[in-house]
**Student:** 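Take this structure, written in structure tokens, and hold onto it; I'll ask about it next.
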Amino acid sequence: MISFLRSFISRKRSQRMLGRKGYIGSRKRLTSDDTLATVAEKSIFLAVVMLIAVWCVCVAILTLRKDDIEEITLVENQQAPTTVFADVDFAFEDVAATEALRREARDRAPLFYKVSSYRVTHSLELADRILNVLEKRYRATRSGKPLPLEEKGVAEEILNKIPPGGTAALYHLVESPEQKEKYLQSLSIVLENGIMGQSDKDSKKVGQSIRIIDAKNRRLQPRSLVDMTTPDVAALQLSEGVLKYYSGSDRKDFIDALNSLSLAIIGDEGDLTFAQKQTEESQDEEAAKVPAVSLRFTKEQPIIRRGEKVTARTLEILKQHRQMVKELHQSLDIWARFPRMAVICLLLMGITAIYIYHIHPEVARSNQKIWVIGTTVMIAVMCNYGALAVFDALSPALSLAPRWSKDVLPLALASVLLSVTIGLRVAVYAGFFVAVIAALMLGDSFELVLKGMIVSAIAGFSVRYSTNYKSFFFRTFLTVFICWMLLDNQLYMKLSFSSAYTPIYAGVNAIVTAIAALLLLFLLEFTFNVSTNMALLVLCDYNHPLLKQLQLQAPGTFHHSLMVATLAEQGAVAIGANPIKARVGALFHDIGKLVKPEYFTENTAGNDKHRELHPRMSSLIILNHVKEGVDMAIKFKLKKIIRDTIEQHHGTDIVFYFYKRALEESPDMPVMEGEYRYHGPLPHEKEVVIVSLADACEAASRSLQKPTPAKIEALVWELIRKRIRDRQLDDADMTIGELAKVRDSFVKTLTTMLHGRIAYPKDESDNEDDLFMASKKISAAEPPTDKKDDTTGS
């Protein structure tokens with residue numbers, strides 16, 4: 001016990017001393033376990049949140065999106081190519097016929113005219129003045145006196161226009177007050193009954209009904225336009241009333257004079273004025289009484305039969321039928337659609353969860369991958385919804401048939417994104433999921449599901465091995481374009497006139513999908529730090545700051561990393577893993593050695609820094625390069641696969657050299673094996689496992705004397721078996737068969753890397769040496785130029 005405490009205190013003192021000298025770091029290091037991303041990666045709550053978000057988005061879109069009814073596009077005067085049946089019971093309101101009937105009702109409505117009180121009063125006053133003047137003249141003539149001088153007025157002017165014989169005949173009107181009063185009463189009655197001007201009457205249609213509003217604002221019974229009294233008729237009525245019992249010899253002169261007098265009093269316009277307001281009200285009432293003209297159609301009743309001529313009325317019926325169907329769908333209670341869509345989406349999500357859990361357990365264990373898949377699916381579903389909304393808005397103006405809406409959906413978007421970020425199988429299933437949601441949006445279209453599955457599978461496979469963004473863009477565009485062209489023309493093995501428009505729709509779909517995929521790929525890489533081949537190849541550039549620093553400060557480690565990268569890349573190719581992931585992970589796996597490069601043998605030229613250190617201190621420095629590497633990876637924002645490779649490439653392996661040395665130097669003191677082991681975790685992904693094995697094999701192969709293929713094979717196989725015995729491959733996602741292929745690949749690659757060369761014969765001639773010696777002699781014989789210049793300048 002005492003010896004253990006003494007050893008523990010000694011180690012702590014040595015560790016503190018090395019920390020002060022800067023040999024080992026004393027600050028708290030930022031490891032992946034300290035980051036928010038790692039906490040999120042292990043949180044079950046965040047995975048559930050993403051699944052709920054995907055479910056909510058799908059349910060909301062399916063609930064809000066109304067099913068479109070397929071409709072044949074017809075134009076006026078063409079023959080209907082097929083019989084169109086009614087989808088629902090509806091009544092077609094013939095607006096044109098209804099408006100025509102209502103116009104007729106308006107025309108039949110009586111025109112209202114109002115008796116002008118002003119004109120009646122004016123005419124009666126004028127008649128009274130004329131009779132008074134006439135009475136004065138009659139009395140003067142009867143007494144034999146000359147006619148009195150009178151002021152010239154309207155009454156005098158009217159009487160002066162009557163011939164003298166007629167004026168004498170008019171004296172019968174004023175022979176007695178009763179006769180005069182009788183004329184004025186008759187005139188008042190005629191005026192109150194209403195008199196219409198002749199020009200106004202001539203402008204109306206024959207048969208027009210007229211209704212008069214008298215001076216007391218009473219509405220008289222309608223009368224025909226023919227029965228309306230004009231000024232001529234009114235004057236004749238007055239004359240007949242006055243001369244009813246007159247039989248004098250001057251009857252004819254009396255009639256002519258009386259007619260002229262009455263016309264002058266009444267005037268050409270009469271005493272009726274048009275009542276605009278009352279007339280319009282009457283017309284509106286009559287139009288409102290006309291019921292709407294409608295045709296009743298029952299469900300499945302033909303609206304137009306095949307071969308019939310399409311008329312404007314037929315197009316209106318079809319338009320109203322489609323509007324009725326839309327209103328019927330919109331009138332459905334949203335909460336009635338919600339349960340159905342919620343159950344369907346829940347079933348799809350359940351099938352998806354079972355598929356991923358059993359087929360891709362590595363995806364189910366990674367919240368990052370779950371969020372990438374969920375985000376991509378939600379964006380793809382919303383893009384489909386947006387594409388349909390844009391199509392619905394533009395199709396009327398561009399005369400696009402509703403059936404073309406299926407061709408504008410970017411169904412391959414989710415597949416091409418997930419193929420390069422997660423994997424092909426997940427991409428194909430996600431494409432199927434998005435296609436099912438799109439089919440539900442368009443009314444359960446099996447054709448759309450089939451097209452979506454085909455284009456998603458082919459597009460996902462096409463972009464799977466894209467090595468740069470340009471290749472990704474063009475592969476997406478060409479694949480989607482060709483797929484839509486073939487699917488539209490050959491799915492049902494028929495061609496039609498509409499096939500001429502297929503390249504346009506296919507081209508629009510392809511370019512939109514390619515642009516959206518490229519932009520969203522940048523967004524996913526930035527947001528979720530996913531590792532695509534395109535992003536990883538950028539990191540393979542030797543001008544990366546960390547690799548450049550490794551070349552300058554730790555050239556041996558850099559060379560070792562290059563060799564490991566070659567081994568790992570070939571091993572990944574052998575088992576069908578991602579060689580780019582293995583290559584970039586191998587290049588950066590030892591960047592932690594940049595902190596103290598002189599303590600690693602590949603960077604020392606025979607100067608062993610560990611000679612003066614305790615084995616435990618040396619092991620601390622060696623073990624520390626993993627933590628330092630993770631720290632640098634986080635600082636430089638390297639991809640997760642690189643951080644995992646740095647952290648896992650040694651697993652929990654032991655630093656055997658210093659552990660053995662500690663046992664030899666302190667045989668009486670206990671040496672804890674755990675203090676000489678890396679902290680892990682164990683490698684899991686195939687690419688990380690391959691880098692881990694390649695690192696050990698490449699380092700061990702340097703110790704071989706005169707390496708031969710047999711020695712190399714024995715060494716590689718022993719190292720792999722040692723890793724298996726030490727349980728370093730317990731979490732590896734690899735089979736024994738894959739390990740055997742990796743071993744064969746390592747043996748082949750190491751054999752070519754460590755091959756021997758033939759001994760070149762020595763050239764016995766001294767020509768080259770003589771040249772160098774001659775050069776030295778000439779250089780030594782030349783006087784120093786600077787000194788000569790200085791001498792000259794002095």
Side-chain angles (χ1 to χ4, degrees), residues 22-25 27-35 37-38 368 467-469 522 525-526 528-569 572 578-604 609 620-651 678-679 681 683 685 687-688 690-692 694-696 698-699:
Y23 292 136
I24 60 173
R27 61 185 174 85
K28 183 179 180 181
R29 304 193 181 279
L30 178 62
T31 65
S32 61
D33 292 331
D34 301 323
T35 63
T38 303
Q368 181 205 37
T467 55
N468 56 69
Y469 296 106
F522 291 143
E525 288 180 345
F526 176 77
F528 298 105
N529 198 25
V530 294
S531 304
T532 64
N533 288 345
M534 290 80 79
L536 292 177
L537 278 176
V538 174
L539 296 175
C540 288
D541 185 3
Y542 295 157
N543 288 317
H544 188 279
L546 282 176
L547 296 182
K548 200 70 177 175
Q549 190 177 354
L550 201 63
Q551 295 178 48
L552 298 176
Q553 298 181 15
T557 301
F558 177 72
H559 182 264
H560 163 71
S561 299
L562 292 180
M563 299 301 102
V564 173
T566 303
L567 281 174
E569 188 172 4
N578 191 329
I580 299 177
K581 282 186 178 180
R583 177 183 174 188
V584 72
L587 287 176
F588 288 90
H589 79 285
D590 271 345
I591 57 174
K593 294 180 179 180
L594 281 171
V595 176
K596 301 205 174 25
E598 66 275 10
Y599 284 87
F600 296 91
T601 55
E602 66 266 24
N603 299 314
T604 59
K609 291 275 188 178
L620 284 176
I621 296 174
I622 300 300
L623 296 175
N624 206 44
H625 88 276
V626 172
K627 296 181 181 180
E628 293 286 358
V630 174
D631 195 359
M632 289 183 178
I634 295 174
K635 179 180 178 182
F636 282 84
K637 298 180 180 180
L638 299 181
K639 299 295 181 182
K640 183 178 181 297
I641 184 64
I642 299 177
R643 298 201 303 268
D644 290 344
T645 303
I646 296 172
E647 193 173 22
Q648 300 171 16
H649 76 281
H650 282 297
Y678 290 94
H679 300 294
E685 292 191 46
E687 294 81 9
V688 180
I690 292 172
V691 172
S692 174
D695 180 44
E698 199 281 333

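Here, residue 1 is the first one in the sequence, and each next residue gets the next number.
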**Student:** What verdict does the side-chain contact (heavy atoms from CB on, under 4.5 Å) test give for Tyr678 and His625, after you've listed the backbone C-alpha separation in whole Å, the side-chain angles of each residue and the deciding distance to 0.1 Å?
**Tutor:** CA-CA 10 Å; Tyr678 290 94; His625 88 276; 3.5 Å; yes
**Student:** Closest approach of Gly629 and Ile591, non-hydrogen atoms and distance?
**Tutor:** O-CD1, 3.7 Å
**Student:** Got a second to check how far Leu550's CG is from Leu594's CG, nearest 0.5 Å?
**Tutor:** 5.0 Å
**Student:** Quick one, Asn468 and Leu537 - any side-chain contact, counting heavy atoms below 4.5 Å?
**Tutor:** no
**Student:** Can any side-chain N or O of His544 pair as donor or acceptor with the backbone N or O of Asp541 at less than 3.5 Å?
**Tutor:** no
**Student:** Give me each pair satisfying ring pair (Phe, Tyr, Trp, His ring centres under 6.0 Å) with a member in residues 626-647, each pair once, sequence neighbours excluded.
**Tutor:** none
**Student:** Side-chain contact, heavy-atom cut-off 4.5 Å: Pro681 with Glu647?
**Tutor:** yes
**Student:** Hey, is the main chain of Tyr542 close enough, under 3.5 Å, to the side chain of Gln551 for a donor-acceptor pair?
**Tutor:** yes
**Student:** Check the pair Asn624 / Val595 against side-chain contact (heavy atoms from CB on, under 4.5 Å), numbers first and verdict last.
**Tutor:** CA-CA 9 Å; Asn624 206 44; Val595 176; 5.7 Å; no
**Student:** At their closest point, which heavy atom of Phe600 faces which heavy atom of Ile622, and how far apart are they?
**Tutor:** CE2-CD1, 3.5 Å
**Student:** Nearest heavy-atom pair of Ile646 and Ala633: which atoms, and what distance?
**Tutor:** CD1-CB, 3.9 Å
**Student:** What verdict does the side-chain contact (heavy atoms from CB on, under 4.5 Å) test give for Val626 and His679, after you've listed the backbone C-alpha separation in whole Å, the side-chain angles of each residue and the deciding distance to 0.1 Å?
**Tutor:** CA-CA 9 Å; Val626 172; His679 300 294; over 6 Å; no
**Student:** Atom CG in Leu547, atom CG in Leu587: separation rounded to 0.5 Å?
**Tutor:** 6.0 Å
**Student:** How close do Ala586 and Ala568 get, heavy atom to heavy atom, and via which atoms?
**Tutor:** CB-CB, 4.3 Å
**Student:** Going from CD on Glu687 to CD1 on Ile641, what distance comes out if it is rounded to the nearest 0.5 angstrom?
**Tutor:** 5.5 Å
**Student:** With side chain to side chain donor-acceptor pair (under 3.5 Å) as the test, pick out the partner of His589 among Asp695, Thr557, Thr645.
**Tutor:** Asp695
**Student:** Might you work through the side-chain contact (heavy atoms from CB on, under 4.5 Å) test for Gln549 and Met632, ending with a clear yes or no?
**Tutor:** CA-CA 12 Å; Gln549 190 177 354; Met632 289 183 178; 5.6 Å; no
**Student:** Hey, what do you get for CG (Asp590) to CD (Glu628), rounding to the nearest 0.5 Å?
**Tutor:** 13.0 Å
**Student:** For Val691 versus Ala582, what's the shortest heavy-atom pair and its separation?
**Tutor:** CG2-O, 3.5 Å
**Student:** Okay, side chain of Arg643, backbone of Ile634: is any donor-acceptor separation there less than 3.5 Å?
**Tutor:** no
**Student:** Would you give the length of the straight line joining atom NZ of Lys639 to atom CG of Leu536, rounded to the nearest 0.5 angstrom?
**Tutor:** 7.5 Å
**Student:** Which atom pair, heavy atoms only, marks the closest approach of Cys540 to Val584?
**Tutor:** SG-CB, 3.9 Å
**Student:** Between Glu602 and His559, do the side chains contain an N or O donor and an N or O acceptor separated by less than 3.5 Å?
**Tutor:** no
**Student:** Nearest 0.5 angstrom please: Tyr599 OH to Ile621 CD1, how far?
**Tutor:** 5.0 Å
**Student:** So does Arg583 get a backbone contact from the side chain of Glu569, meaning a donor-acceptor N/O pair under 3.5 Å?
**Tutor:** no
